[in-house]
Q: 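Below is the structure I would like to discuss, written out as C-alpha cells.
Quick note: numbers below take in every heavy atom, side chains included, and nothing from hydrogens, waters or symmetry partners. The structure displayed is predicted, hence computed values, not measured ones.
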Amino acid sequence: MTINILLEKAICDTLKALFDFDLATSAVLLQPTRKEFDGSHTFVVFPYTKLSKVSPEETGKIIGEHLLQTVPQVASYNVVKGFLNFVIKDSFWINTLQDIVLDKTFGNHAANGQKVMVEYSSPNTNKPLHLGHLRNNFLGFSVANILQANGYEVIKANLVNDRGVHICKSMLAYQKFGNGETPESSGLKGDHLAGKYYVEFDKALKAQNATLETAGWSAEDIEKKNPMLLEAQDMLLKWEQGDKEVVDLWKKMNAWVYDGFNKTYKTMGVSFDKFYYESDTYLLGKEVVEEGLKSGVFFKKDNGSVWIDLTAEGLDEKLVLRGDGTSVYITQDMGTAELKYKEFGINKSVYVVGNEQDYHFVVLKHIMKKLGRPYADGIYHLSYGMVDLPSGKMKSREGTVVDADDLMQEMITTAGEHTAALGKIDDFTPEQAQQLYTTLGMGALKYFLLKVDPKKRMLFNPQESIEFQGHTGPFIQYTHARICAILRKAASMGHQDFTSLTFNINKLENCEKEVIIALSQFPDKIKEAGDEYAPSVIANYIFELAKDYNRFYNEVSVFNEPDQEVFMFRIAFSGAVASVIKKGMLLLGIDVPEKM
RNA sequence: GGACCUGUAGCUCAAUUGGAUAGAGCAUCUCACUACGGAUGAGAAGGUUAGGAGUUCGACUCUCUUCAGGUUCACCA
C-alpha cells in the first residue's frame, strides 16, 4: 500500500471518528507539499470547517493530532492557514527506496486486458516529412509507450495516404519534367525526389495560371478548368480504372518514397505494428452507410446524397456519401474504424492528428455512437497544434518547410560539435561517437517537442529554440551519464548488486528525502500521462527528478562519506534515480547514454 | 457570421484539475569546486495570469463579456 492510499484512508477514518462524517477515500484531496513548507503531503481542510465548527487552523490541528496518534508512519504535522502538512518518518522513505530498488518493473502498471490502437504518422506519399510530422511521430510513439506502461496491449498503426489527386500531381510533374530521373541518378532520397516534383507541379500550375489570366480567363475558370489540374484529375480517374501505365508509375514512385520514409523513421526511432494503405481502404464504409440508412441514422436527399443530422448535438448536417454514390473522407474513416475493430477487437482507438481536424473527429465519434458501435466511446482524437516558424506558416507546396531529415541531421551535427569540444569521449570509436551524437541530437529535438502540452501550437526558432542546457533532453541525459560514472566507480570497488542490500541507516538528508519522494511518484505520473495522453507529464516529471538529484549531488558527497552504510545507501539511491530517468526517457522515445 | 482552440516574466514553457507568496529554463547580474563529470549548483532581478464583471473561505483554473491570434464550417483529403 502506498503512503498516499494509507493517508487517504486514515483521513477518512479520522473524519468518521471525529465528526461522524463519511467520505470516500477517492474524494480525499491530498497534494504534495510545497517545497517551502515542512512535510511531504498536504491535506486541505477548508471544506471541513463546517463539520468541526472551528477555525481552519483548529480543524487542521484536530485532524493532524488524530493522525499522529493513529498512523505510525507520521512523524509530525504542522498547520499553515488551512493547510495540514504531514511529515513522514525517514524510516518510511528509506523503506520506500528499498522497495524501488527491488522492483524491476517499478513504475509500470499491471496488464489491464484492454487493447488500444494508436494511429500516428499517416504521411502523404507525395512529399517528404517535415517539422509538423516530427511532432506527430514523437507524440504517437511516446503515447503508445505510455499506454503500454499503463497495462494496455498497444498496436501502433500507420495509415498511409498513398492515393488522391495530390499524389497524381507529383506523378504528372514527374512524367512531364522527370526525364527518367531516379533516386540513384539524382542522389536524392526517394521521398525528396517525389517532393521535388510536387513543388514542380505547383510552379508549373502557377505559371500556367498567369498565362491564362493574361489570355483573359476568369478567376473561376482558372481555378476549375486549368488544363494541368484537369490532367491530374484525369490521371486519378485512370488510376482508379487500373490503367497500367499510371499504376506502374504510381508503384514505382511510391516505392521510392517508402524507401525514403523508412530511413527517416529509423532516424526518428519510431516503429509500427500495422500499416494501412488508403489505396486499400478508400472504398470502405459504404456498407456502414447502407446500414445507417436502414436504421434511420442517415437520410437520403433528392439527389441521392446521404447525410446525418447532427443539429441536436449542436453541429450541422454532414454529408456521408455523395449523390453519385462515391465516398468522401468521413465515409472512408467510418469504414476504417470498422476494419480496425474487426481486425483487432480494440477497446480504444487513438488518432494522432493535427487540430485542423478537430471537427472531423467530433463528427466521426458522434456517427459511430449513433450507429451503436461498441468502440465509439473509445475513440480519442489526440489533437496537437501546429508548429510555427518565425517566418510564418510552412507550405509544402511552395517548399517553404523545415524538412525533417535536414533538421534531424542538423541537430545531430550540432550535438557532435558540442560534445567534441568538451573532449570527454576521446576513447570512443568513430561509430560509438556517431551513435552518441544521434542520441543527444535526437534527445534534444524530441524533448523540445514533447515537453509542451500537445494542443498548444508552438513556435520553432531553429537558431534559438534548441538548447543543450537547462530544461532540455541533454540536461537529463547528462544527469544520467553522471550517475553512471558513479556506478562505474562503485562497481570497480566491488559494489554492483544492491538487491540483497539492507539499508541500515536511520536518517536522511533533506535533499535525499526530496529525491525519494520524487521517485515514489513515478507510477502515479505514468498513470496521469496515460489518462491524459500527455507525454509532457513524463517530460516535466523527469526534469524535476534530475534537478532534485543534481542538488543532492552538489550538496553531499558519495565517495567521501565515512559511514559505510550511508555510502552504500547513496550508491543504491543513485542507481535507482538513473533507472527511473532511463525508463522515463524511454517512454518519451529518448535514449540515455552512459557516457557523454 | 457560427463552432472550437489558444492568450501566464523580455523569450520558451509549468502550475498536482478550485488551494498556500503563480513556478522552471533561456537571456541579464552575483556567487560556489585542488570534485564523484561545470552540459552543474546557490542567489538576485523579472508578473494587474490579455482587459472587465460574476460565483466563494479561496480563481491562471468555473460562468458571462470584450479584445487579440489561430483552426474549422466543401458532393477536397
Q: Given the C1' atoms of B:A9 and B:A22, what is the spacing between them in whole Å?
A: 11 Å

Q: State whether A:Lys455 places a side-chain N or O below 4.0 Å from either non-bridging phosphate oxygen (OP1 or OP2) of B:U6.
A: yes

Q: Counting the atoms with a prime plus P, OP1 and OP2 as sugar-phosphate, which does A:Phe559 contact under 4.0 Å by heavy atoms, base, sugar-phosphate, or nothing?
A: base

Q: Report which part of the nucleic acid A:Asn161 touches: base, sugar-phosphate, or nothing (heavy-atom distance under 4.0 Å, all strands).
A: sugar-phosphate

Q: Write down the partner of B:A15 under the Watson-Crick or G-U wobble criteria, each distance required to be under 3.5 Å.
A: none

Q: Take atom P in B:C62 and the same atom in B:G25, then report the distance between them in whole Å.
A: 28 Å

Q: Verify, without hydrogens or angle tests, whether A:Lys595 (side chain) and A:Arg482 (backbone) share a donor-acceptor contact under 3.5 angstrom.
A: no

Q: Could you tell me how far B:U16 sits from B:A24 if I compare only their C1' atoms? Round to whole Å.
A: 16 Å

Q: Let me know the distance between CZ of A:Phe86 and P of B:A20, rounded to the nearest Å.
A: 18 Å

Q: What is the distance, rounded to the nearest whole Å, between atom CD1 of A:Ile167 and atom P of B:C76?
A: 17 Å

Q: Kindly indicate whether a cation-pi arrangement holds for A:Lys489 with A:Phe559, taking the cut-offs as under 6.0 Å to the six-membered ring centre and within 45° of the axis.
A: yes

Q: Ring centres within less than 5.5 Å and planes less than 30° apart: is that true of A:Phe46 and B:G19 in this structure?
A: yes

Q: In whole Å, what is the span from the NZ atom of A:Lys451 to the C1' atom of B:C11?
A: 11 Å

Q: With a 3.5 angstrom cut-off on both distances, give the Watson-Crick or G-U wobble partner of B:C26, or none if there isn't one.
A: B:G10

Q: Is there a Watson-Crick or G-U wobble partner for B:A39 with both distances under 3.5 Å, and which nucleotide is it?
A: none

Q: So A:Glu544, base contact, sugar-phosphate only, or nothing? Heavy-atom distance under 4.0 Å.
A: nothing

Q: Given B:C13, B:A77, B:G37, which nucleotide is nearest the side-chain atoms of A:Met458?
A: B:C13

Q: Is the shortest side-chain heavy-atom distance between A:Phe138 and A:Met442 below 4.5 Å?
A: yes

Q: What interatomic distance, in whole Å, is found between C1' of B:C64 and the corresponding atom of B:A59?
A: 15 Å

Q: Can you tell me how far P of B:A77 sits from CZ of A:Arg163, to the nearest Å?
A: 7 Å

Q: With respect to the side chain of A:Phe83, which nucleotide from B:C4, B:G19, B:U12 is positioned closest?
A: B:G19

Q: Find the distance A:Asn554:CG to B:C31:C1' and express it as a whole number of Å.
A: 13 Å

Q: Using a cut-off of 4.0 Å on non-hydrogen atoms, how would the nucleic acid contact of A:Ser383 be classed: base, sugar-phosphate, or nothing?
A: nothing

Q: Check whether any side-chain nitrogen or oxygen of A:Lys456 sits under 4.0 Å from OP1 or OP2 of B:G7, and answer yes or no.
A: yes

Q: So A:Gly323, base contact, sugar-phosphate only, or nothing? Heavy-atom distance under 4.0 Å.
A: base

Q: Taking the six-membered ring of A:Trp307 (Phe, Tyr or Trp), confirm whether the NZ or CZ of A:Lys318 is under 6.0 Å from its centre and within 45° of its axis.
A: no

Q: Only one of A:Tyr120, A:Tyr351, A:Tyr380 passes ring-ring contact (aromatic ring centres under 6.0 Å, His included) with A:Tyr533; say which it is.
A: A:Tyr380

Q: With respect to the phosphate group of B:C5, does any side-chain polar atom (N or O) of A:Arg457 fall under 4.0 Å of OP1 or OP2?
A: no

Q: Would you state whether a donor and an acceptor, one from the side chain of A:Ser536 and one from the base of B:A14, lie under 3.5 Å apart?
A: no

Q: Both conditions, 6.0 Å and 45 degrees, for the charged tip of A:Arg163 above the ring of A:Tyr282: are they met here?
A: yes

Q: Hey, which sits more toward the 5' end of RNA chain B by its nearest nucleotide, A:Lys547 or A:Leu319?
A: A:Lys547

Q: Find the distance A:Leu29:CG to B:G19:P and express it as a whole number of Å.
A: 7 Å

Q: Is a donor-acceptor pair below 3.5 Å formed from side chain A:Thr42 to base B:A20, judging by atom type as modelled?
A: yes

Q: Could you tell me whether the phosphate oxygens of B:G37, OP1 or OP2, come under 4.0 Å of any side-chain nitrogen or oxygen in A:Arg488?
A: no

Q: What distance, rounded to whole Å, do you find between the two P atoms, one in B:C31 and one in B:A15?
A: 35 Å

Q: For A:Leu315, answer base if it contacts any base atom (sugar-phosphate contacts may also be present), sugar-phosphate if it contacts only those atoms, and nothing otherwise; contact means non-hydrogen atoms under 4.0 Å.
A: nothing

Q: Looking across every strand, which nucleic acid part, if any, lies under 4.0 Å from A:Ala481 by heavy atom: base, sugar-phosphate, or nothing?
A: base

Q: Any donor-acceptor pair under 3.5 Å between the side chain of A:Asp316 and the base of B:A74?
A: no

Q: Distance check: side-chain N/O of A:Arg322 vs OP1/OP2 of B:A77, anything under 4.0 Å?
A: yes

Q: Measure the distance from CD on A:Glu313 to C1' on B:G2 and round it to the nearest whole Å.
A: 17 Å

Q: Taking a pair as Watson-Crick or G-U wobble with both distances under 3.5 Å, which nucleotide is matched to B:U55?
A: none

Q: Does A:Phe543 reach a base, just sugar-phosphate, or nothing at all? Heavy atoms under 4.0 Å.
A: sugar-phosphate

Q: Can you tell me how far P in B:U61 sits from the matching atom in B:A74, rounded to whole Å?
A: 34 Å

Q: Give one of base, sugar-phosphate or nothing for A:Asn124, where a contact means two heavy atoms less than 4.0 Å apart.
A: nothing

Q: Answer with base, sugar-phosphate or nothing: what part of the nucleic acid does A:Val80 contact at a heavy-atom distance below 4.0 Å?
A: base

Q: Provide the Watson-Crick or G-U wobble partner of B:A3, both distances under 3.5 Å; none if there is no partner.
A: B:U71

Q: Indicate yes or no: does A:Lys35 engage A:Asp548 in a salt bridge with an N to O separation below 4.0 Å.
A: yes

Q: Could you check whether A:Val306 gets within reach of a base, just the sugar-phosphate, or nothing at all, counting any heavy atom under 4.0 Å?
A: nothing

Q: For A:Lys527, I'd like to know if atom NZ has over 12 heavy atoms of other residues, nucleotides or ligands within 6.0 Å.
A: no

Q: Using the P atom as the reference point in each nucleotide, state the distance between B:U72 and B:C29 in Å, no decimals.
A: 44 Å

Q: What is the separation between atom CZ on A:Arg551 and atom C1' on B:U40, rounded to the nearest whole Å?
A: 12 Å

Q: Is there a stack between A:Phe468 and B:A39, judged by ring centres under 5.5 Å and planes under 30°?
A: no

Q: Pick the C1' atom in B:G46 and in B:U28, then give their distance to the nearest Å.
A: 10 Å

Q: Could you check which nucleotide pairs with B:U61 in any of the strands shown, counting Watson-Crick or G-U wobble with both distances under 3.5 Å?
A: none

Q: From the options B:A77, B:U40, B:G19, select the nucleotide whose nearest atom is closest to the side chain of A:Pro47.
A: B:G19

Q: Indicate, with a heavy-atom threshold strictly under 4.0 Å, whether A:Pro56 touches base, sugar-phosphate, or nothing.
A: nothing

Q: If each of A:Pro454 and A:Asn550 is mapped to the nucleotide of RNA chain B with the nearest heavy atom, which maps nearer the 5' terminus, i.e. the 5' end?
A: A:Pro454

Q: Using a strict 4.0 Å threshold on nitrogen-to-oxygen distance, state whether A:Arg570 and A:Glu561 make a salt bridge.
A: yes

Q: Tell me what A:Val558 touches on the nucleic acid: a base, only sugar-phosphate, or nothing, going by heavy atoms under 4.0 Å.
A: base

Q: Are A:Lys455 and A:Asp453 within salt-bridge range, i.e. N to O under 4.0 Å?
A: yes

Q: Given B:A20, B:C13, B:A39, identify the nucleotide with an atom nearest to the side chain of A:Thr33.
A: B:A20

Q: At under 4.0 Å between heavy atoms, what does A:Asn126 touch on the DNA or RNA strands: base, sugar-phosphate, or nothing?
A: nothing

